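Okay, so here's the structure we're looking at.
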There are 2 protein chains.
Amino acid sequence: MIFAVVCLTALSLPAGMVIFMQSRTPSPLPRTGRPRSAAADAAILEATRAALVDLGWSKLTMGDVATRAGVAKTTLYRRWAGKNELVVDAVAVLFDELELPDNGSLAADIGGVVLQFAALLNRPETKTALMAVVAESTRDEPLRERIRTSIVDRQKRLVLEGRARAHARGELPLEADPAAAARTADLIFDVVAGAVVHRTLVSAEPVDEEWVDRFTTLLLGGLASVQA
Amino acid sequence: MIFAVVCLTALSLPAGMVIFMQSRTPSPLPRTGRPRSAAADAAILEATRAALVDLGWSKLTMGDVATRAGVAKTTLYRRWAGKNELVVDAVAVLFDELELPDNGSLAADIGGVVLQFAALLNRPETKTALMAVVAESTRDEPLRERIRTSIVDRQKRLVLEGRARAHARGELPLEADPAAAARTADLIFDVVAGAVVHRTLVSAEPVDEEWVDRFTTLLLGGLASVQA
DNA sequence: AGCTTTCGCTACGACTCGTAGCGTAACTCT
DNA sequence: AGAGTTACGCTACGAGTCGTAGCGAAAGCT
């Protein structure tokens with residue numbers, strides 16, 4: 001029995017793999033028996049976000065989430081290994097809202113995405129949860145992987161798409177070496193995401209039009225240097 | 001050694017400093033009675049860092065720190081309001097190690113500081129603690145202030161000093177408007193700190209010479225555009 | 001039907017929290 | 001030296017959380 005094997009494996013492993021078979025990845029779901037309630041899944045994630053807003057990270061408890069979602073605490077533990085994994089899933093969805101607007105120029109496109117990202121980070125459930133799970137992930141490699149695949153890597157599409165558009169417009173030269181191009185994309189991603197996060201969460205200053213203008217100017221000017 | 005110096009200095013300084021570093025209660029330093037043990041302070045902060053390495057943030061408990069430090073749990077609560085404040089102080093000292101090396105050019109100076117910062121972030125007690133307290137600070141304004149004054153603002157000196165040197169070398173034009181210059185300094189700070197943190201903790205990729213080269217190139221090229 | 005899995009519920013031991021009370025130690029001022 | 005004041009270690013406590021186990025009932029499948 002495949003499922004039995006999976007369960008035994010999961011039980012003998014610390015966290016991580018248990019989640020693998022759940023919501024994020026299409027899993028070898030058992031064909032028989034009572035299926036898991038999709039409504040419960042949605043209610044739990046929604047309740048988690050609400051609890052994050054009200055309580056923050058450290059005071060959020062599994063029991064409280066269960067009560068808010070109208071499910072039993074045991075149901076939570078049947079699906080998620082703990083607070084970390086639950087919160088990652090609860091927040092990951094929010095990042096899919098990000099889109100690359102077509103504002104006509106590379107600078108305007110970047111500015112648009114930066115403003116969206118900043119707005120997302122200003123939502124209390126996002127800002128509270130994101131840093132917390134990143135902090136936990138420094139001691140928990142599976143959790144970091146989960147964050148990377150569920151949140152971070154998905155957003156790199158924005159960088160790639162923006163660059164493709166810029167190429168089409170003739171705003172950026174095409175990098176000959178694909179490896180170098182990939183490294184540049186990673187660099188841009190770290191700079192953009194890092195700067196906005198730091199500005200918002202550490203410096204606690206607003207990401208307004210004026211800051212975005214200065215930032216995009218810096219980024220584009222620097223990009224020309226890097227690709228030269 | 002460094003810690004001992006800091007503690008002794010703090011104790012020999014007038015009230016404000018000590019109170020601010022240790023507890024948020026603005027009570028005047030009593031001139032009479034048994035003084036607080038500076039050795040206990042040092043032992044507690046050291047134990048906190050050790051516990052962070054071993055346990056991480058979420059599993060670190062006040063009782064464990066007290067045991068490691070060889071003091072009573074009540075002593076911890078007499079000095080710090082809770083885990084957040086304790087960890088901020090325990091980690092803040094580490095950031096004072098950062099120095100701006102004089103490598104002859106602005107690019108080399110920036111590269112040197114970035115490498116130092118990355119090395120600092122790679123220490124397990126730093127990476128684990130920093131993100132955790134930032135996460136908590138999103139729901140705790142006094143804590144954020146504590147982080148800003150104890151850690152962040154103190155490092156801005158690096159940006160200011162680096163720029164002053166670059167001016168002296170004639171590598172950068174002097175910005176006429178002091179307000180604009182201040183905004184530019186803040187922008188640089190957010191970009192540098194944010195990018196390094198994101199690269200290290202989120203992307204989990206090494207900040208090596210090659211990355212630093214690309215990053216400084218981007219930053220300096222962008223800086224020229226911003227100040228143009 | 002029979003089988004399988006999930007569900008809600010209750011209960012549990014183990015742990016952490018933050019505080020209170022006590023007697024003692026350390027230092028200052030008179 | 002003595003009195004006054006504060007910090008210290010220790011113990012104990014109620015409250016809260018954790019993660020798990022066991023139960024009967026519900027919901028799907030063949």
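Below, chains carry the letters A, B, ... as their sequence lines are ordered, and counting in each starts from 1. Remember, predicted model here, so these are calculated numbers, not experimental data.
- With distances taken from any side-chain atom of A:R34 to the nucleotides D:dA26, D:dC18, C:dT16, the minimum falls on D:dA26.
- Taken from CG in A:L45 to CG in A:D41, the straight-line distance is 6.0 Å, to the nearest 0.5 Å.
- Nearest to the side-chain atoms of B:K73 among the listed nucleotides C:dT19, D:dG9, C:dT6 stands C:dT19.
- Residue A:R78 places a side-chain atom within donor-acceptor reach of the base of C:dG8, judged by atom type and a 3.5 Å distance cut-off alone.
- Closest to the side chain of B:A72, out of C:dT6, D:dG9, D:dG28, is D:dG9.
- Here the straight-line distance linking atom CD1 of A:I147 with atom CG of A:D153 works out to 11.5 Å at 0.5 Å rounding.
- Summarising the geometry, the separation between CG on B:L55 and P on C:dC15 is reported as 14 Å, rounded to the nearest angstrom.
- Phosphate proximity of D:dT6 to B:T32: absent, as no side-chain N or O sits under 4.0 Å from OP1 or OP2.
- Residues B:L115 and B:E209 meet the side-chain proximity criterion, which asks for heavy atoms closer than 4.5 Å.
- A straight line from CG of A:L76 to C1' of D:dT17 spans 14 Å, rounded to a whole angstrom.
- Between A:N84 atom CG and D:dG19 atom P the separation is 10 Å, expressed in whole Å.
- With hydrogens and angles ignored, no donor-acceptor pair under 3.5 angstrom links the side chain of B:T61 to the base of C:dC17.
- The pair B:D54-B:R49 does not count as a salt bridge, with every side-chain nitrogen at least 4.0 angstrom from each carboxylate oxygen.
- Heavy-atom nearest nucleotides on DNA chain C were determined for B:P35 and for B:G63, and the one closer to the 5' end corresponds to B:G63.
- When rounded to the nearest whole Å, the span between NZ of B:K59 and P of D:dC18 equals 14 Å.
- To the nearest angstrom, P of D:dA7 lies 13 Å from CD1 of B:I44.
- Residue A:T74 places its side chain closer to D:dG22 than to any other of C:dC17, D:dG22, C:dA20.
- Rounded to whole angstrom, the span from the CG atom of A:L60 across to the P atom of D:dG16 amounts to 17 Å.
- Atom CH2 in A:W80 sits roughly 15 Å away from atom P in D:dG19 (whole-Å rounding).
- Under the 4.5 Å side-chain criterion, counting only non-hydrogen atoms from C-beta, A:R123 is in contact with A:L120.
- With distances taken from any side-chain atom of B:R36 to the nucleotides D:dT20, C:dG18, D:dA7, the minimum falls on D:dA7.
- The nearest whole Å value for the distance from the OH atom in A:Y77 to the P atom in D:dT17 is 11 Å.
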